[in-house]
Amino acid sequence: MHHFHYHNNCMYCEDVPVPEIAQKTGTPFYLYSHATLRHHFLVFQKAFEGIPHLICFSVKANSNLAVLRLFGNLGGGLDIVSGGELFRGLKAGIPPEKIVFSGVGKRRDEIVYALKSGILMFNVESHQELELIDRCAARLNKKAPISLRVNPDVDPGTHPYISTGLKTNKFGLSEAEAIEAYRWAGGRPHLNVIGISCHIGSQLTEVDPFLDALRHVKDLIAVLNASGISVTYLDLGGGLGITYDQESPPLPSEYGKAILETLGDSAFTLILEPGRVIVGNAGILVTRVLYTKKSEGKDFVIVDSAMNDLVRPSLYGAYHAIEPVIKDPSGTIRADIVGPICESGDFLARDRKIPEVQPGDLLAIMSAGAYGFTMSSNYNSRPRIPEVMVKGNQFYIIRRRESHQDLIAGESIPDFL
Ligand SMILES: *Cc1c(COP(=O)(O)O)cnc(C)c1O
């Protein structure tokens, strides 16, 4: 469900015609629908209403302050993976006691920042990290709230780059290591063991791998309980997929129901870390056609956005639907939709059937709200593009377009040159 729709053959975001925004901000730009973001969050929230829970939105999917504030206003917390994301979360006004800190490579300064901020818990991914958190907490004379991330060794059946729950991935602790680490942590005065967590991958389109992971975690909890260790928080990570093309992932309600059934009676507070499923289809990337050309019988449509703006097609071979912003009854072509960057890997779509387009036409790259702007870069010295949020019949620039000056801010030429 989303609020991008056509009216008189013109694409609207909620009640605002997309060309009107393009006129004002220039192209390319990211465009988010407030109503869609809100709806997705509330639907997800509702799926777990039968049990105490906290929805910790995964900041890396979309880290704009306005987006984070919106989820915070709806009662959400955050899943962060860096000090930078913690800074964003706090700036957006998210209470620190609703923030969980994941990631395999937390640095000392990031751990100290999180301890001083008073976050809900660290999802710890190795024994050495646990020791470092213990030392930092001791120095600050604090008790660090800890959850251990276990790697349940289930295959989520997703792209290898976004699968994280297999033994061969870099994430989490094996069950045997986790048991050892829980025992060790239990004896440390500056660690407070409160949770267990797992996150098996992203863009999952079946519910079974989640349930397999949950069963593994439940078994592990039983083993821990038998040796006198108990936890309050059960964090099942994120990973629920969305429809980019033909996928039919479970609805959040189905996902929630299956999890609650598998969980059975429990006294846990459940933590969920959804990212993509909340923001993915709530955003599009609007781009303008620069040129069209034919070479060796192949059609190319060259647009003003590129892999630096949206890297998913280049990085994962990901599919994004491409729609015309103005529909007119012209014919269709089959073309590669490519950007201006000097790399053959710079494409938004390959061999794609789209309506015939002319220079100046606007195209919407759909489902670009997750891992879109957050993965963008300045490659080819391209300023990063604006993010715009629509609410009803108004639109708001929630991040301005970078300038050429922004590109060199922070650089300096040493005196010897
Ligand atoms: C990336 C990530 C998420 C969010 O994943 P989605 O597929 O976007 O839902 C949640 N938790 C952790 C630990 C992650 O690394």
Side-chain angles (χ1 to χ4, degrees), residues 2-4 10-14 16-33 36 61-64 66-67 244 279-293 300-315 318-327 335-343 345-350 352 354-355 357-390 395-407:
H2 60 69
H3 292 79
F4 299 96
C10 174
M11 185 183 279
Y12 279 64
C13 177
E14 302 187 20
V16 183
V18 173
E20 196 177 301
I21 306 171
Q23 183 90 50
K24 182 80 185 283
T25 64
T27 55
F29 60 95
Y30 277 98
L31 180 58
Y32 310 129
S33 152
T36 312
N62 188 318
S63 60
N64 187 284
V67 172
Y244 285 101
V279 291
N281 286 325
I284 64 174
L285 168 58
V286 180
T287 186
R288 200 180 282 283
V289 175
L290 296 173
Y291 307 103
T292 62
K293 72 174 184 178
F300 289 96
V301 173
I302 300 153
V303 297
D304 64 0
S305 67
M307 66 188 284
N308 74 299
D309 303 312
L310 178 66
V311 77
R312 298 188 68 260
S314 304
L315 186 60
Y319 179 98
H320 285 268
I322 298 184
E323 308 286 352
V325 168
I326 306 283
K327 270 188 185 165
D336 283 10
I337 321 301
V338 302
I341 284 184
C342 309
E343 301 268 351
D346 178 28
F347 59 89
L348 297 171
R350 279 194 156 150
R352 185 70 64 80
I354 59 161
V357 288
Q358 308 297 329
D361 288 353
L362 293 172
L363 291 173
I365 318 296
M366 306 303 289
S367 314
Y371 306 102
F373 185 87
T374 52
M375 290 180 98
S376 67
S377 77
N378 290 120
Y379 188 40
N380 276 211
S381 287
R382 291 167 52 85
R384 274 178 299 173
I385 66 180
E387 295 174 284
V388 180
M389 184 185 281
V390 166
F395 69 89
Y396 304 85
I397 294 175
I398 57 173
R399 182 182 166 112
R400 66 165 172 79
R401 189 181 303 282
E402 287 181 352
S403 65
H404 285 163
Q405 202 57 43
D406 290 327
L407 289 175

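Side-chain atoms of Phe4 and Ile284, non-hydrogen and from C-beta on, do get closer than 4.5 Å to each other. The shortest distance between side-chain heavy atoms of Met11 and Val286 does not fall below 4.5 Å. Residues Phe395 and Val388 are in side-chain contact: their nearest non-hydrogen atoms beyond the backbone lie under 4.5 Å apart. At least one side-chain heavy atom of Leu407 sits less than 4.5 Å from a side-chain heavy atom of Pro383. Residues Leu315 and Met375 are in side-chain contact: their nearest non-hydrogen atoms beyond the backbone lie under 4.5 Å apart. Side chains of Tyr319 and Arg352 form a contact here, defined as non-hydrogen atoms less than 4.5 Å apart. Between Asn281 and Thr36, the closest side-chain pair of non-hydrogen atoms is not below 4.5 Å. You'll find the side chain of Ile326 stays beyond 4.5 Å of the side chain of Asp361, heavy atoms only.
Taking CD from Glu387 and CD1 from Ile385, the interatomic distance works out to 8.0 Å, rounded to the nearest 0.5 Å. Atom CE of Met307 and atom OH of Tyr379 lie 7.0 Å apart (nearest 0.5 Å). Rounding to the nearest 0.5 angstrom, the gap separating the CG atom in Leu290 from the OG1 atom in Thr27 is 7.5 Å. Taking CD1 of Ile337 as the reference point, atom CD1 of Ile322 lies at 4.5 Å (rounded to 0.5 Å). Taking CE from Met389 and OH from Tyr30, the interatomic distance works out to 15.0 Å, rounded to the nearest 0.5 Å. Rounding to the nearest 0.5 Å gives a distance of 10.5 Å between CG of Leu310 and CZ of Phe347.
Judged by distance alone, the side chains of Ser367 and His320 never bring a donor and an acceptor atom under 3.5 Å apart. For the residue pair Asn308 / Ser376, no side-chain donor-acceptor distance below 3.5 Å is found, with atom types taken as modelled.
Taking both residues in full, the closest heavy atoms of Leu31 and Cys13 are given as CD2-CB, 3.8 Å, listed atom of the first, atom of the second, then distance. Listed here is the closest heavy atom pair of Ala22 and Phe29: CA-CE2, 3.6 Å.
For Thr374 (side chain) and Ser63 (main-chain N/O), no donor-acceptor pair under 3.5 Å exists by modelled atom type. Of the possible donor and acceptor atoms, none in the side chain of Arg399 sits under 3.5 Å from a partner among the backbone N and O of Asn64. A donor-acceptor pair is defined here as one N or O able to donate and one able to accept, closer than 3.5 Å; no such pair exists between the side chain of Arg382 and the backbone of Pro340. Panel note: side chain Asp346, backbone Ile341; a donor-acceptor pair is recorded below 3.5 Å.
The side chain to side chain donor-acceptor pair (under 3.5 Å) pairs that include a residue from residues 282-293 are Thr287-Asp304, Thr287-Ser305, where partners are two or more places apart or lie in different chains.
Partner of Val303 under the side-chain contact (heavy atoms from CB on, under 4.5 Å) criterion, chosen from Leu363, Val357, Leu285: Leu363.
Under a 4.0 Å N-O distance rule, the pair Asp406/Arg384 does not qualify as a salt bridge.
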